[in-house]
Amino acid sequence: MTKRNRTRESDLSVVNSIRLTIDFERPDLLGVLFGAFDQNLIVLENRLGVYMAARGTRITIEGESTAAHIARDTLQALYDQVAKHGKLEAIDIDQAVAAGRRAANGDAPGLFTSGEAPLEIRTRRKTIQPRSPTQVAYMKALASSDIIFALGPAGTGKTYLAVAQAVSQLINGSVERLILSRPAVEAGERLGFLPGDLKEKVDPYLRPLYDALYDMLPAEQVERRLTSGEIEIAPLAFMRGRTLSDAFVILDEAQNTTAMQMKMMLTRFGQRCRMVICGDPHQVDLPNTVQSGLVDAIRKLDNIPGISMLRFDPSEVVRHPLVGHIVKAYGDGAGETRTGV
């Protein structure tokens, strides 16, 4: 037992506290599970208000009954993840704790139902699995629905998973090209006239889409497919007058479209096309007098067969644990009076 836990156990005075134990079968996984200097255990203690002691392959957990059970289930889930993937990231711990709390509240018990095969998206550089219940539903919709609206705060994986699915379908030949687009709207500041040719002027607005692509494909493949036209990254204004067939189309930052721009984009939909609309209705950068096309589309298109709408909660932020706290600190309904959502 570590000195850290001996000190904490002497101070244990939690009302209705219980003691639970877990015995792990593989000691070779515990270094990754516990983290350097038991850092992962300390994080779990701080998140859940419990005390943990490690002796060999056994973990003892003490604390209030609900918190102790969540800690036990979270540790078991993380152990299973290490056994499968051989690694553990800080965000994995936060997501496991969130899943444990949802289960304790009677919500979804986990990411997958019993006997259900785990979802994943395979690209050239990595295999992506869902990290929240809404991501599970989102990944299913990405594989089946024709038009998908992914709504929610920054860091929930809306655009990243859409690009991953698009790249996967391009690789396996399900689509012939990827079309990634964004409205060229400044986020709360005026940049003035940018230097360079048209591509150099608009590329700063589209950089997040490039970043996601380079995370899925080797750089030389991205460049080759961009040159050949298999992958096209362009401002929303370039979509007018086109019919998008045999393509996977992603519109990012859709909250910054006008109602007419959104209608224009949606009516580009052609044969054998899949379209994903990503955005946060609470982060509109348009002038106050202009209604967001995303909000308008949500009102008009919700409940239409063939169109899926996935709404991410701030608790499902996977970018970094601090991002979730920041989103909550700024309020879930930021911009509510403007968007009406």
Side-chain angles (χ1 to χ4, degrees), residues 1-120 127-136 313 315-318 320-322 324-325:
M1 189 179 300
T2 64
K3 181 178 180 180
R4 169 181 63 83
N5 284 302
R6 281 204 302 269
T7 302
R8 291 189 173 189
E9 285 179 1
S10 66
D11 297 332
L12 184 63
S13 59
V14 179
V15 178
N16 298 325
S17 67
I18 63 170
R19 174 177 294 182
L20 302 174
T21 61
I22 308 178
D23 290 300
F24 296 110
E25 295 181 358
R26 294 182 55 183
D28 57 302
L29 302 180
L30 299 187
V32 176
L33 178 64
F34 296 170
F37 304 105
D38 294 344
Q39 184 60 43
N40 294 342
L41 299 184
I42 295 173
V43 170
L44 286 174
E45 288 178 330
N46 293 336
R47 294 280 192 277
L48 296 169
V50 297
Y51 299 154
M52 296 183 179
R55 186 185 296 275
T57 59
R58 171 171 291 188
I59 288 282
T60 300
I61 304 167
E62 296 189 33
E64 186 272 328
S65 178
T66 299
H69 281 92
I70 293 174
R72 182 194 62 187
D73 295 345
T74 299
L75 264 179
Q76 186 62 58
L78 293 173
Y79 174 82
D80 293 341
Q81 181 166 332
V82 173
K84 184 174 183 179
H85 301 291
K87 63 180 181 179
L88 203 59
E89 300 177 7
I91 189 63
D92 297 324
I93 298 174
D94 270 26
Q95 290 299 311
V97 170
R101 284 174 171 157
R102 286 192 295 269
N105 290 333
D107 298 331
L111 295 182
F112 308 103
T113 57
S114 179
E116 183 178 2
L119 294 172
E120 60 184 22
T127 297
I128 298 99
Q129 293 182 321
R131 288 182 165 181
S132 73
T134 306
Q135 283 197 0
V136 172
D313 187 83
S315 65
E316 298 180 292
V317 169
V318 296
H320 187 283
L322 281 177
H325 297 306

Exercise for the section: Provide the closest heavy-atom pair for G63 versus A68 in the form atom of the first, atom of the second, distance. Expected result: O-CB, 4.1 Å
Exercise for the section: Compare every heavy atom of E120 with every heavy atom of Q129, then report the nearest pair and how far apart it is. Expected result: NE2-OE1, 3.6 Å
Fill in the blank from the handout: Between the CD1 atom in I70 and the CD1 atom in I61, the distance rounded to the nearest 0.5 Å is 11.0 Å
Problem - R55 side chain near T60 side chain, heavy-atom distance below 4.5 Å - result: no
Practice task
Give, for atom CZ of F34 and atom CG of L88, the distance between the pair rounded to the nearest 0.5 Å.
Solution key: 11.5 Å
Exercise for the section: Report the C-alpha distance between L30 and T57 in whole Å, list the side-chain angles of each, state the deciding distance to 0.1 Å, and finish with yes or no for side chain to side chain contact (heavy atoms under 4.5 Å, CB included). Expected result: CA-CA 8 Å; L30 299 187; T57 59; 4.1 Å; yes
Practice task
Compare every heavy atom of A54 with every heavy atom of L41, then report the nearest pair and how far apart it is.
Solution key: CD1-CB, 4.5 Å
Exercise for the section: Answer whether the closest heavy-atom distance between the side chains of I42 and F37 falls below 4.5 Å. Expected result: no
Exercise for the section: Calculate, to the nearest 0.5 Å, the distance between atoms CG and CD belonging to L33 and Q76 respectively. Expected result: 9.0 Å
Handout entry: Derivation of the side chain to side chain contact (heavy atoms under 4.5 Å, CB included) call for T134 and D313
Key = CA-CA 8 Å; T134 306; D313 187 83; 5.9 Å; no
Problem - For A77, all residues meeting side chain to side chain contact (heavy atoms under 4.5 Å, CB included), sequence neighbours excluded - result: none
Handout entry: Intermediate values then yes/no, side chain to side chain contact (heavy atoms under 4.5 Å, CB included), F24 and L29
Key = CA-CA 9 Å; F24 296 110; L29 302 180; over 6 Å; no
Practice task
Without swapping roles, check the side chain of N40 against the backbone of L75 for a donor-acceptor pair under 3.5 Å.
Solution key: no
Exercise for the section: Indicate yes or no for a side-chain donor-acceptor contact from Y79 to the backbone of R26 under 3.5 Å, with no hydrogens or angles considered. Expected result: yes
Problem - Verdict with reasoning, V82 to L78, per side chain to side chain contact (heavy atoms under 4.5 Å, CB included) - result: CA-CA 6 Å; V82 173; L78 293 173; 5.5 Å; no
Fill in the blank from the handout: When rounded to the nearest 0.5 Å, the distance separating CD of E62 from OG1 of T21 is 11.0 Å
Practice task
Nearest 0.5 Å please: distance from the CD atom of E64 over to the CG atom of L48.
Solution key: 10.0 Å
Completion exercise
One should read off an interatomic distance between T74 OG1 and H69 NE2, to the nearest 0.5 angstrom, of 12.0 Å
